[in-house]
Amino acid sequence: MCGIVGYIGKKQAAPILLDGLSKLEYRGYDSAGMAVFDGKKIRVQKAAGRLKVLDEQTRGGSAMPGTIGIGHTRWATHGAPSNENAHPHYNQDETIAVVHNGIIENYLKLKKKLQKKGFEFRSETDTEVLAMLLGYYYKGDPLEAIVKVMQRVEGSYALGIIFADHPDLVYSVRKDSPLIVGQNEGGTLIASDVPAVLKYTREVYFIQNEEIAVLSRDSVSFYNIDGEEIEKEPKKIEWDINAAEKGGYEHFMLKEMYEQPKTVSDTLNPRIKDGRIVIEELGMSDEEIRALRKIHIVACGSAYHTGITGKYVFEGLARIPVEVDLASEFRYRDPIIEEHTLIIIISQSGETADSLAALREAKKRGALTLGIVNVVGSSIAREADRVMYTWAGPEIAVATTKAYSAQLIAEYLLAIKFAHIRGKMSDDACASMIKDLKAIPAQIQMLLANKENIQRFANRYLAARDVFFIGRGIDHAISLEGSLKLKEISYIHSEAYAAGELKHGTISLIEEGTLVTAVVTQEELYKKVLSNIVEVRTRGAFVMAVTNEDNTEIEKTADYVVYIPKTNRYFTNSLAIIPLQLFSYYVSVGKGLDVDKPRNLAKSVTVE
């Protein structure tokens with residue numbers, strides 16, 4: 001959430017800032033702004049609404065001359081979306097400008113102290129407190145002032161700062177919110193995420209917690225919180241720049257759905273060698289795997305839903321007890337973590353604040369931690385004891401599709417590997433499962449080819465008020481993700497229920513014409529779910545069923561059926577989710593909504 005871009009170099013800054021911010025729109029925002037030093041003073045322009053408003057106000061940046069500047073897209077936390085609350089924020093005499101991602105937890109206490117000293121505030125934000133505090137401590141040495149502020153504030157922050165007294169430098173600071181530095185012959189940049197700098201450079205530095213970066217036109221220096229200079233090595237970003245562009249698709253979400261076969265292959269194929277699963281970066285010995293007594297899977301949102309699937313897969317194949325926790329709740333329930341417990345933290349960005357906090361809590365309690373992440377060098381990747389990457393490339397749409405699919409594949413691979421090493425799976429069974437895994441990319445491609453039928457069905461439900469998803473076992477996990485996709489991007493109220501729970505209250509919500517989506521992929525549960533379908537149809541529901549291609553009997557019960565290809569019962573999530581993604585997408589498109597940037601949501605949730 002929120003986006004930061006900064007630039008200092010030989011070119012005009014404002015157009016570069018606007019371009020960088022446009023690459024960060026997926027993070028979610030409700031206002032935008034820029035600060036540029038024009039040779040005499042720092043000029044700020046801010047606008048509530050989409051980035052195009054700021055672009056129009058500044059004539060594409062040409063109305064803000066200067067070769068040093070910072071920009072920001074804000075996702076409102078403290079104070080409503082407005083011009084006043086948008087970033088950047090000034091200090092008292094407008095000689096310092098600040099952009100900020102994160103939340104300052106003690107901002108009210110600091111604000112009151114500053115107000116007693118005569119400081120006047122123009123906004124409701126915690127960020128303006130940072131700007132004023134910098135002004136209070138600044139005595140000519142920016143680094144000294146920044147260190148003093150870091151020692152006073154509590155919470156999370158990524159900062160971009162410019163000082164009118166130092167027009168040849170941009171300062172950036174990071175604590176628990178991501179920030180990178182990129183450099184090329186034309187200048188130096190800061191950004192919240194890689195897509196903002198890919199156009200300009202592939203060599204980036206990842207700023208670590210409580211580190212300060214000082215950018216000049218042709219160099220960058222790094223310091224710790226004590227003001228001592230430190231050495232850092234850049235990392236090369238291997239993404240194809242086209243991966244962060246739409247490539248002719250109407251929306252990023254549609255493009256990313258169509259990238260799922262490749263994403264699954266890229267995550268799967270390097271880990272299968274000579275018919276065996278080899279996860280080299282895992283770094284766990286066979287003895288460690290055999291010694292495991294319990295697994296906790298901790299995640300947020302869609303990643304949490306993959307964890308629920310993971311519970312069935314790990315327990316069913318490897319016979320290891322699994323608990324699945326929402327990362328935002330994990331720390332606060334005082335979890336019991338015994339010896340030989342593995343904590344798996346799943347996060348696309350590797351920067352999700354709640355997941356990162358859960359990781360740190362798990363390490364504090366002595367657990368072995370494994371991060372499943374998509375971003376190399378991210379906080380979770382660095383701090384976890386072990387890491388497994390999902391090679392999904394950049395995912396721009398707020399509603400995840402390909403990263404979700406990659407996370408599922410990572411969990412399947414781990415579960416099969418653990419089961420084989422622990423003696424719970426024979427060589428033949430392992431080979432059979434690997435064969436089924438290898439078939440998934442082509443099967444996803446086949447399901448995507450059915451998009452026109454899904455689109456026609458989706459157009460019937462553009463005006464739906466309530467949609468319910470039901471399933472049992474792994475199908476309940478699929479239902480949770482299908483429901484989330486629909487509510488995320490179409491704003492239709494949607495809920496997912498374990499099908500057996502319908503009669504315990506939920507069925508009272510069913511009325512004439514209500515759409516119920518039944519996921520029916522677990523053969524041993526066919527008859528049970530068919531009974532549930534009969535229950536809701538009897539009360540007037542229209543039922544869409546997603547089921548296996550051999551389950552034609554369901555046509556007698558459901559009103560509309562989508563078939564998925566035959567696969568191992570543990571892998572059905574990877575296929576059944578595809579028509580549900582397409583359904584949600586086409587409902588949103590049919591309603592004329594912003595598919596890639598749904599209201600109030602952010603891609604990378606870096607605040608708790």
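Numbers for residues simply follow the sequence, beginning at 1.
- L130 CG to L159 CG: the interatomic distance, rounded to the nearest 0.5 Å, is 5.5 Å.
- Residues K113 and R152 meet the side-chain proximity criterion, which asks for heavy atoms closer than 4.5 Å.
- Atom CG in L134 sits 5.0 Å away from atom CD1 in I161 (nearest 0.5 Å).
- For E56 and K52, the salt-bridge test fails: no basic side-chain N is under 4.0 Å from an acidic carboxylate O.
- Taking the six-membered ring where the residue is Trp, F222 and Y205 present tilted rings, their angle falling between 30° and 60°.
- Residue pairs meeting the salt bridge (charged side-chain N to carboxylate O under 4.0 Å, His left out) criterion with at least one partner in residues 366-381, sequence neighbours excluded, are absent.
- In this structure, G69 and I162 approach most closely via the heavy-atom pair CA-CD1, 4.5 Å.
- At a cut-off of 3.5 Å, with distance as the only test, no side-chain donor of T341 or H296 sits close to an acceptor on the other residue.
- We find the CD-CD1 distance between Q581 and I489 to be 9.5 Å, quoted to the nearest 0.5 Å.
- Note: F163 and H166 have perpendicular aromatic rings, judged against thresholds of 30 and 60 degrees for the angle between ring planes.
- The closest side-chain donor-acceptor pair between N85 and R74, if any, does not fall under 3.5 angstrom.
- Salt-bridge formation is not detected for the pair K402/D266: no Lys NZ or Arg NE/NH1/NH2 atom is positioned less than 4.0 Å from an Asp or Glu carboxylate oxygen.
- Atom CG of residue D354 and atom SG of residue C300 lie 5.0 Å apart, to the nearest 0.5 angstrom.
- Listed here is the closest heavy atom pair of I190 and S172: CG2-OG, 3.7 Å.
- Salt bridge R360/E383: present, at least one basic N to carboxylate O contact under 4.0 Å.
- Salt bridge absent: K11 and E185 never bring a charged side-chain N and a carboxylate O closer than 4.0 Å.
- Of the N and O atoms on the side chains of S177 and E351, not one donor lies less than 3.5 Å from an acceptor on the other residue.
- With hydrogens and angles ignored, the 3.5 Å screen pairs a side-chain donor or acceptor of S62 with a backbone N or O of R59.
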Could you walk me through whether D334 and R365 satisfy the salt bridge (charged side-chain N to carboxylate O under 4.0 Å, His left out) test, starting with their C-alpha distance in whole Å, then the side-chain angles of each, then the deciding distance to 0.1 Å, before giving a yes or no? CA-CA 10 Å; D334 193 18; R365 291 168 180 254; 2.8 Å; yes
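- Side chain to side chain, D19 and Y7 fail the donor-acceptor criterion of an N or O pair below 3.5 Å.
- You'll find the side chain of V170 stays beyond 4.5 Å of the side chain of T188, heavy atoms only.
- Under a cutoff of 6.0 Å and an axis angle of 45°, K111 and F121 form a cation-pi pair.
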Evaluate the side-chain hydrogen bond (donor to acceptor under 3.5 Å, both in side chains) criterion for residues E256 and T401: first the C-alpha distance (whole Å), next the side-chain angles of each, then the deciding distance (0.1 Å), finally the verdict. CA-CA 7 Å; E256 288 156 8; T401 51; 4.5 Å; no
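- With rounding to the nearest 0.5 Å, the separation of CG in L189 from CG in L215 is 8.0 Å.
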Could you go through the side-chain hydrogen bond (donor to acceptor under 3.5 Å, both in side chains) check for S123 and E128 one step at a time? CA-CA 7 Å; S123 77; E128 192 179 11; 2.7 Å; yes
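- The pair D594-R50 meets the salt-bridge criterion, since a charged nitrogen lies less than 4.0 angstrom from a carboxylate oxygen.
- Under the 4.0 Å criterion applied to side-chain N and carboxylate O atoms, D325 and R333 are assigned as salt-bridge partners.
- With a 4.5 Å cut-off on side-chain heavy atoms, S584 and E488 do not count as touching.
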H305 vs Y404, ring pair (Phe, Tyr, Trp, His ring centres under 6.0 Å): CA-CA, chis, key distance, verdict: CA-CA 9 Å; H305 297 159; Y404 174 87; 7.4 Å; no
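- Here the closest heavy-atom approach between residue S216 and residue I8 is recorded as O-CG2, 3.5 Å.
- Look at R122 and E94 and you find a salt bridge, because one of the NZ, NE, NH1 or NH2 atoms lies within 4.0 Å of a carboxylate O, short of that distance.
- Of all non-hydrogen atoms in V373 and I380, the two that sit nearest each other are CG1-CG2, 3.6 Å.
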Test side chain to side chain contact (heavy atoms under 4.5 Å, CB included) on M34 and V5 and set out the steps. CA-CA 9 Å; M34 295 187 292; V5 176; over 6 Å; no
For a side-chain hydrogen bond (donor to acceptor under 3.5 Å, both in side chains) check, start with the C-alpha distance between R174 and S192, then their side-chain angles and the critical distance, and finish with the verdict. CA-CA 10 Å; R174 183 247 165 119; S192 304; over 6 Å; no
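- A salt bridge links E211 to K232: at least one charged side-chain nitrogen sits closer than 4.0 Å to a carboxylate oxygen.
- In summary, of the residues considered (I344, L326, I345), a side chain to side chain contact (heavy atoms under 4.5 Å, CB included) with V298 occurs for I345 alone.
- Contact detail for L18 and G61: the closest heavy-atom pair is CD1-N, 3.5 Å.
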For Y138 and N91, run side-chain hydrogen bond (donor to acceptor under 3.5 Å, both in side chains): C-alpha distance rounded to whole Å, both residues' side-chain angles, the deciding distance at 0.1 Å, then the answer. CA-CA 10 Å; Y138 178 63; N91 66 327; over 6 Å; no
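- Rounding to the nearest 0.5 Å gives a distance of 8.0 Å between NE2 of H87 and CG of N101.
- The two atoms that bring Y157 and I104 nearest to each other are CD2-CD1, 3.9 Å, heavy atoms only.
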